[in-house]
Participant: 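Quick one: the structure is below, questions incoming.
Position 1 is the first residue of the sequence; numbering continues from there. Both ligands and their constituent atoms are indexed starting at 1 by order of listing.
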Amino acid sequence: MQISHIEHIGIAVKSLKDAIPYYENMLGLKCYSIEEVADQKVKTAFFMVGQTKIELLEPTSEESTIAAFIEKRGEGIHHIAFCVDNAADALTELGEKGIRLIDKCPRKGAEGLNIGFLHPKSTGGVLTEICEKPECK
Ligand code: ZN
């Protein structure tokens, strides 16, 4: 497994509408996409920073893991996503090395990418996402 770069940083927010102006008006970034990921009960907003994205995550339901996160820890950094060329292989390799996997097999995340999460218990408390992009070879 080889990580090419940080694909994105996921940030939990209560409201995209309230959060986006900070990134646009203060930091001068441009929101280029807003997408609902029904599977994860979140609405996402994306900003490009070099080759890394900021992914804002707003819960669309009380049952969303993002809602639970905000309830427990408040708004803030939720996860970090590393880019690999093959998520299935990376998850298998990490599982074999003893990392606890939230996803044993990749699933579809925002932007249609294959993604899988590692459990924070195995990663020093950082919820870690493996994100596949074929061009990250
Ligand atoms: Zn993510």
Participant: When you draw lines from the Zn ion (ligand 1) to OE1 of E129 and to NE2 of H79, what angle lies between them, to the nearest 10°?
Facilitator: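 It comes to 90°.
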Participant: Could you tell me whether the side chain of D103 and the main chain of P106 form a donor-acceptor pair under 3.5 Å?
Facilitator: no
Participant: Under the 3.5 angstrom rule, does the side chain of E132 hit a backbone N or O of C83 as a donor-acceptor pair?
Facilitator: no
Participant: Would you check if there is a donor-acceptor pair between the side chains of H8 and E129 at a distance under 3.5 Å?
Facilitator: yes
Participant: Can you tell me the N, O or S atom of E55 that's nearest the Zn ion (ligand 1)?
Facilitator: OE1
Participant: Does CZ belonging to R73 count more than 12 external heavy atoms closer than 6.0 Å?
Facilitator: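 Atom CZ in R73 is not packed in, count stays at 12 or less.
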Participant: With a cut-off of 2.8 Å, does H8 put an N/O/S atom close enough to the Zn ion (ligand 1)?
Facilitator: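 Looking at H8, which is the residue asked about, there is an N, O or S atom under 2.8 Å from the Zn ion (ligand 1).
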